[in-house]
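Take a look at the structure set out below.
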Amino acid sequence: MGTSSIYNGPKDKNPLLPEGFEDDYNADNQDESMNEDLTNDAEFPWKATKSATSQFAKGRSENKGRITRNYVRALGGASNAAKSAKAGIRATTQLGNFLSDIVTEGINATFNKLNIEYKDKSVEALFSEIVNVVARDSNSKDDIAAKNASMEALSQLYDYVEENDMDIQVLEKMNEVIINKVMKTFINSFLIERLLKDLQSRFEKYADNLSVAVAKENEVKEYITESVEVKLNEIRFDNLAYNNKNIDTVIESIYRDCYEILEDYL
């Protein structure tokens, strides 16, 4: 929860707005309307997103769906939100490739392909290297979101190894249940991490205290997880051809479907 440098999220590039315009320029003297209409939401998408998040953090709204709807609209709609999720798509493909190779080619061949020397290394050290393979870059906020999602997803694999006496070779015996769980965890986590990279400062700034901010964040996380769960459960990630040249298009379509759900709340 929180970093030493709080990212305040993108700002609207609307020529009608004066330079330096902030939707919460004086929270003590002006509360955002609780009933902003859709026209205003469409005109100032980031303003509407920030406002909905601030009101939720303050406890003046319980509408989590309004946050996700406006956030996806601020990204340009579900299709553009998916297209721009390049770090997430790239890491999803890398993770799928890794899991597929482990099962079909084995530990030795997979680690050799990735230039990972695994003999005499602890399981913890190996998983740190795998995270860096799945999400190589940390240059942008989306790269960091992908890396955080990788750690969350790979923790599922770590638990599996831990349950089997820390024997890394057990990964060769992964079944479809484990693979699908890991892949679904990654995509769900990336959706959450990406949103928080833009909006986390809203929770920190407007909630009464840190514990309230964490609780409010968790409510939004749970909302996203519950919203996309059915869609992700429909996909057999273990059957996807991650080496196919069109795999990025397939993965992008999965993200688009998830963003459509988050945009089209009731």
Side-chain angles (χ1 to χ4, degrees), residues 9-10 12-13 38 41-46 48-50 52-53 63-100 134-137 140-150 152-153 176 179-199 220-266:
D12 295 310
K13 298 179 180 179
L38 295 181
D41 284 355
E43 185 178 4
F44 303 118
W46 280 113
T49 306
K50 294 174 185 178
T53 308
N63 198 334
K64 299 176 283 289
R66 187 163 178 259
I67 296 173
T68 62
R69 178 198 65 188
N70 287 321
Y71 179 70
V72 176
R73 289 182 176 183
L75 293 175
S79 181
N80 284 330
K83 278 183 172 45
S84 62
K86 296 186 185 306
I89 293 168
R90 183 169 57 249
T92 305
T93 301
Q94 287 289 99
L95 179 58
N97 259 322
F98 171 75
L99 297 176
S100 177
V134 172
R136 296 180 182 276
D137 300 323
S140 70
K141 59 187 177 63
D142 277 7
D143 290 334
I144 296 170
K147 182 146 292 190
N148 290 345
S150 299
E152 185 70 22
E176 68 276 7
I179 293 172
N180 283 303
K181 183 179 181 181
V182 172
M183 296 300 294
K184 287 186 292 186
T185 296
F186 177 86
I187 292 177
N188 178 70
S189 296
F190 180 77
L191 294 170
I192 290 170
E193 291 288 338
R194 192 185 192 196
L195 179 143
L196 288 180
K197 288 300 174 189
D198 286 330
L199 300 178
V220 174
K221 290 179 182 180
E222 290 171 10
Y223 176 83
I224 292 173
T225 298
E226 291 170 0
S227 296
V228 302
E229 184 176 20
V230 172
K231 172 52 65 178
L232 293 179
N233 282 340
E234 292 175 354
I235 301 165
R236 286 291 303 272
F237 290 98
D238 58 306
N239 284 340
L240 296 183
Y242 293 98
N243 288 319
N244 189 289
K245 64 179 182 180
N246 296 319
I247 187 61
D248 283 356
T249 302
V250 174
I251 300 297
E252 181 185 312
S253 71
I254 295 172
Y255 278 99
R256 185 184 63 243
D257 289 345
C258 290
Y259 278 120
E260 283 177 353
I261 293 168
L262 295 176
E263 185 177 21
D264 187 26
Y265 87 103
L266 297 177

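Only this structure's heavy atoms are used, side chains among them; waters, hydrogens and symmetry mates stay out.
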Exercise: identify the closest heavy-atom pair between Ser79 and Arg256: CA-CG, 4.0 Å
Interatomic spacing from CD in Gln94 to CZ in Phe186 - rounded to 0.5 Å: 10.5 Å
Name of the residue among Leu262, Asn63, Asp264, Ile261 meeting side chain to side chain contact (heavy atoms under 4.5 Å, CB included) with Thr68: Leu262
Separation between CD1 of Ile235 and OG of Ser253, rounded to the nearest 0.5 Å: 7.5 Å
Atom pair CD/CZ of Glu263 and Arg73 - distance to nearest 0.5 Å: 6.0 Å
Rounded distance (nearest 0.5 Å) linking atom CD1 of Ile224 with atom CD of Glu229: 13.5 Å
Closest contact, heavy atoms only, Asn70 versus Ala48: ND2-O, 3.7 Å
Shortest non-hydrogen contact between Tyr255 and Gly88, atoms and distance: OH-O, 3.5 Å
Main-chain N/O of Val220 paired to Lys64 side chain as donor or acceptor, under 3.5 Å: no
Beyond-backbone contact of Phe237 with Ile254, side-chain heavy atoms, under 4.5 angstrom: yes
Backbone of Gly96 reached by a side-chain donor or acceptor of Ser100 within 3.5 Å: no
Heavy-atom side-chain proximity of Ile192 to Glu152 below 4.5 angstrom: no
Closest non-hydrogen atom pair, Cys258 against Ile187: SG-CG2, 4.5 Å
Leu240 side chain near Met183 side chain, heavy-atom distance below 4.5 Å: no
Gap separating the CG atom of Leu99 from the CD atom of Glu176, nearest 0.5 angstrom: 13.0 Å
Distance (rounded to the nearest 0.5 Å) between Ser150 OG and Phe190 CZ: 9.5 Å
Working for salt bridge (charged side-chain N to carboxylate O under 4.0 Å, His left out), residues Lys197 and Asp143: CA-CA 11 Å; Lys197 288 300 174 189; Asp143 290 334; over 6 Å; no
Which atom of Ile251 lies closest to which atom of Thr93, heavy atoms considered: CG1-OG1, 3.9 Å
Val228 versus Leu191, closest heavy-atom pair with distance: CG1-CD1, 4.1 Å
Side chain proximity check, Tyr71 to Arg194, heavy atoms < 4.5 angstrom: yes
Student check: side-chain heavy atoms of Lys141 and Asp198 closer than 4.5 Å: yes
Contact check, side chains of Leu95 and Tyr242, non-hydrogen atoms, under 4.5 Å: no
